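What follows is a short report on a single structure.
Throughout, numbering of the chain's residues begins at 1 and tracks the sequence. Atoms within each ligand, like the ligands themselves, are counted from 1 in listed order. Everything numeric in this text was worked out from a predicted model, so none of it was measured.
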Amino acid sequence: MLLSGGIDSATALYLTKKTQGVRALTFEYMGIAQSELTAAKAIASRAGIIEHRMVRLPDLKEAADIPGFGPPGLPPTYIPLRNGIFYAFAASYAEETGAAYIVGGHNEDDTKVFADVSPEFFGSLQRAFWSGSRILRKNRLEIVQPLKRLKKPAVIRLAASLGVPFELTWSCHRDSEEHCWKCDGCLTRKRCFKEAGIVDPLAG
Ligand SMILES: [Zn+2]
């Protein structure tokens with residue numbers, strides 16, 4: 001399970017926890033908000049999973065931190081081939097622990113923006129893992145995205161039904177004690193809770 005501090009990955013974690021034992025991976029890339037890491041740790045701890053491993057990738061940068069790099073149509077938070085890197089770590093972790101699934105919390109909106117969230121990409125990646133690891137092939141490792149057909153408000157409704165602790169999640173792109181309610185992450189959170197008809201415990 002790939003775990004950030006956000007609502008999507010927390011929802012995927014709680015959904016998976018209903019039927020499977022879960023281990024989670026969180027990636028500390030350059031410039032990630034410390035509040036997001038704190039949120040990921042708190043969510044993993046509350047969910048009572050088997051293990052939460054932090055992977056330090058200090059040289060991996062967001063587009064905004066790479067001089068002269070700004071691909072059109074992608075947000076400044078884009079990380080070049082992020083999921084190629086994250087899922088390779090997850091596959092190594094799955095080989096080590098005997099896990100049969102890698103779960104990501106990408107929602108339907110993500111699949112429209114990022115090529116490395118497409119079904120084609122994950123299908124190719126799964127085949128590559130099977131050809132590169134006898135253990136993963138034997139365990140028939142599958143990459144699954146349980147939220148891929150849900151838009152964010154639907155994810156929030158599902159999260160509420162699963163008891164996801166919204167108060168522990170983090171959506172702000174800035175690093176501070178509280179959400180700023182001005183950045184893209186905060187505005188999207190606000191709009192989607194409203195559309196979902198759910199009260200956000202963090203909104204003042
Ligand atoms: Zn914000």
Atom pair CG/OG of Leu25 and Ser9 - distance to nearest 0.5 Å: 11.5 Å
Flag side-chain contact, heavy atom, 4.5 Å: Met54 against Lys41: yes
Ring-ring centroid check Tyr87 Phe129, cutoff 6.0 Å: no
Phe121 ring center near Phe114 ring center (under 6.0 Å): no
Listed protein N/O/S atoms, distance to the Zn ion (ligand 1) under 2.8 Å: Cys172 SG, Cys180 SG, Cys183 SG, Cys186 SG
Which residues share a side chain to side chain contact (heavy atoms under 4.5 Å, CB included) with Thr38, sequence neighbours left out: none
side-chain contact (heavy atoms from CB on, under 4.5 Å) between Trp181 and Arg189, intermediate numbers included: CA-CA 9 Å; Trp181 301 112; Arg189 180 182 180 117; 3.9 Å; yes
